[in-house]
J.: 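Here it is: the structure, laid out below.
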Amino acid sequence: MIDYYEVLGVDDDAPYDEIKKAYRALAKSCHPDYLGEKGHEICIMLNEAYQILGDADARANYNNKLEQALLDEDDNYTGLPLSKWMPTVKPNMAKNEDPAERRGVFVDEFTCIGCKQCVWCASATFRIEPEHGRSRVYAQWLDDEEKIQTAIESCPVSCIHWVDKADLPALEYVMQCKMTERVNVGVMMAGQGAQMDVFASTASFLKERKRKEEARARANKYYSPQQEAARRKAAEELARQHLGFFAQFTSAFETAFAGVGNSVSTGNETEELRQVGRRKRAAGKRWDWLEQQRARGGWMVPPERALVPISVYAESLRN
């Protein structure tokens with residue numbers, strides 16, 4: 001997913017006139033007559049951004065996809081368990097008897113009443129998380145199987161389960177990062193508050209992730225391998241080269257092609273401002289300096305036709 005707003009250096013809520021102004025300023029500065037083949041590839045990307053953001057319907061559709069990409073990034077799901085898998089982390093400390101052990105232990109914190117029986121039986125494996133006072137697995141196989149099984153059997157509400165190692169990452173992620181609205185134990189024991197099934201929620205989470213992956217795979221077919229290579233090459237070329245004032249565009253292209261990154265300033269980090277339409281650029285527009293020079297008459301001829309390299313002339317104006 002390429003952030004076209006980052007490519008043009010405009011805010012997400014920029015009006016059409018501002019998008020057009022940014023596009024024209026960058027397109028003139030990247031003209032193939034000056035940059036040659038590199039300029040051609042960069043202009044392809046700029047045209048692509050302008051084609052999408054300059055059309056109201058295409059922009060609305062793109063905004064929906066971009067916002068979903070931002071939400072996907074916020075998930076921070078790595079596919080790795082949140083508890084320590086000791087057979088891999090520190091094999092010499094792991095107590096599993098089977099070297100190919102596939103079982104892990106998982107606590108349903110929504111069901112847990114914080115009785116601490118599991119902690120007393122297998123203190124190296126289980127800990128009490130401080131916020132809600134529920135049990136949580138700290139490390140897998142830091143206790144032997146007998147102690148872990150005793151902890152499972154001692155639980156009065158059967159909230160501890162053996163699960164397959166492959167299922168552990170999603171279960172722990174959904175439990176700790178998605179199912180965050182919990183009531184205290186007293187309210188839960190009284191039969192009040194939300195009752196949620198972590199296993200059903202995890203199945204829904206994985207199903208949605210699969211849907212998104214399939215959608216991304218379909219979207220990738222929109223471009224031919226040659227087109228995709230050209231788009232990538234345009235960003236990589238700017239990242240490698242320091243072409244005078246083009247260096248100020250390098251970070252923009254790197255960010256845009258690396259994915260949807262934290263390249264915007266929110267002004268209020270505690271508020272959710274990663275929604276499309278609310279993200280603001282930290283600095284002034286990347287093309288403002290070009291426009292200011294033109295407005296002052298700093299360039300007597302169009303920069304793409306200048307005999308003196310733009311980088312040299314731009315530096316003289318700054319000095």
Side-chain angles (χ1 to χ4, degrees), residues 1-7 12-13 45 48-49 51-53 55-83 85 102-104 106-111 136-137 140 161-182 194-232 235 254-264 266 271-279:
M1 189 72 184
I2 296 177
D3 189 342
Y4 291 134
Y5 294 103
E6 183 66 28
V7 169
D12 294 0
D13 58 355
M45 182 170 57
E48 186 180 306
Q51 183 179 6
I52 296 296
L53 300 186
D55 180 88
D57 293 335
R59 183 178 181 180
N61 184 48
Y62 170 76
N63 284 348
N64 291 333
K65 294 180 179 179
L66 179 61
E67 186 158 349
Q68 187 58 59
L70 290 168
L71 293 175
D72 288 349
E73 278 205 351
D74 285 342
D75 282 348
N76 294 322
Y77 177 64
T78 63
L80 300 174
L82 298 179
S83 58
W85 188 264
R102 296 287 305 173
R103 293 175 301 164
F106 170 73
V107 177
D108 179 357
E109 297 177 30
F110 245 95
T111 307
R136 178 176 293 174
V137 175
Q140 304 287 343
H161 308 270
W162 286 110
V163 298
D164 189 88
K165 179 183 178 182
D167 299 331
L168 196 60
L171 282 168
E172 291 185 333
Y173 174 78
V174 171
M175 187 78 264
Q176 298 181 34
C177 302
K178 292 293 187 181
M179 301 173 66
T180 55
E181 296 182 5
R182 305 178 195 175
Q195 300 296 319
M196 300 181 67
D197 184 343
V198 64
F199 294 96
S201 297
T202 301
S204 298
F205 169 73
L206 292 175
K207 183 177 180 181
E208 180 64 13
R209 279 188 62 84
K210 184 178 180 181
R211 183 193 67 79
K212 292 175 182 177
E213 289 172 358
E214 292 173 349
R216 282 193 290 265
R218 289 193 299 270
N220 288 339
K221 296 179 181 178
Y222 178 79
Y223 296 99
S224 68
Q226 293 78 12
Q227 289 174 318
E228 186 62 30
R231 295 163 86 229
R232 287 281 173 184
E254 282 183 298
T255 301
F257 270 83
V260 185
N262 296 319
S263 58
V264 294
T266 63
E271 187 178 1
E272 180 53 63
L273 290 179
R274 299 197 68 185
Q275 296 178 9
V276 174
R278 302 178 67 189
R279 302 179 309 153

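Quick note: residue numbers are just sequence positions, from 1.
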J.: To the nearest 0.5 Å, tell me how far S201 OG sits from K178 NZ.
T.: 11.0 Å
J.: Applying side-chain hydrogen bond (donor to acceptor under 3.5 Å, both in side chains), name anything that partners N63, two or more places apart in sequence or on another chain.
T.: Y5
J.: Can you measure from CZ (F199) to CG (D108) and round to the nearest 0.5 angstrom?
T.: 6.0 Å
J.: In Å, rounded to the nearest 0.5 Å, how long is the span from CD of Q176 to CG of L82?
T.: 4.5 Å
J.: Given L171, which partner from the list V163, L206, D164 fulfils the side chain to side chain contact (heavy atoms under 4.5 Å, CB included) test?
T.: V163
J.: To the nearest 0.5 angstrom, please state how far the CG atom of L66 sits from the CD1 atom of I52.
T.: 11.5 Å
J.: Nearest 0.5 Å, what's the NZ-CZ distance between K165 and R102?
T.: 5.5 Å
J.: Just to verify, what does R103 make a salt bridge (charged side-chain N to carboxylate O under 4.0 Å, His left out) with, not counting sequence neighbours?
T.: E101, E145
J.: Could you go step by step and tell me if F106 and V198 meet the side-chain contact (heavy atoms from CB on, under 4.5 Å) rule?
T.: CA-CA 11 Å; F106 170 73; V198 64; 3.9 Å; yes
J.: Hey, could you give me the CG/NE2 distance between L168 and H161, rounded to the nearest 0.5 Å?
T.: 12.5 Å
J.: Looking only at heavy atoms, which two atoms of E109 and M175 are closest? And how far apart?
T.: N-SD, 3.4 Å
J.: Could you pull out the closest heavy-atom pair between Y4 and Y62, with the gap in Å?
T.: N-OH, 2.8 Å
J.: Please enumerate all residues that pass side-chain hydrogen bond (donor to acceptor under 3.5 Å, both in side chains) together with N64, with sequence neighbours excluded.
T.: none
J.: Does any N or O in the side chain of E172 come within less than 3.5 Å of the main-chain N or O of S83, such that one atom is a donor and the other an acceptor?
T.: yes
J.: Main chain of R209, side chain of Y77: is a donor-acceptor contact present, judged purely on distance under 3.5 Å?
T.: no
J.: Does a side-chain N-to-carboxylate-O contact under 4.0 Å join E214 and R211?
T.: no
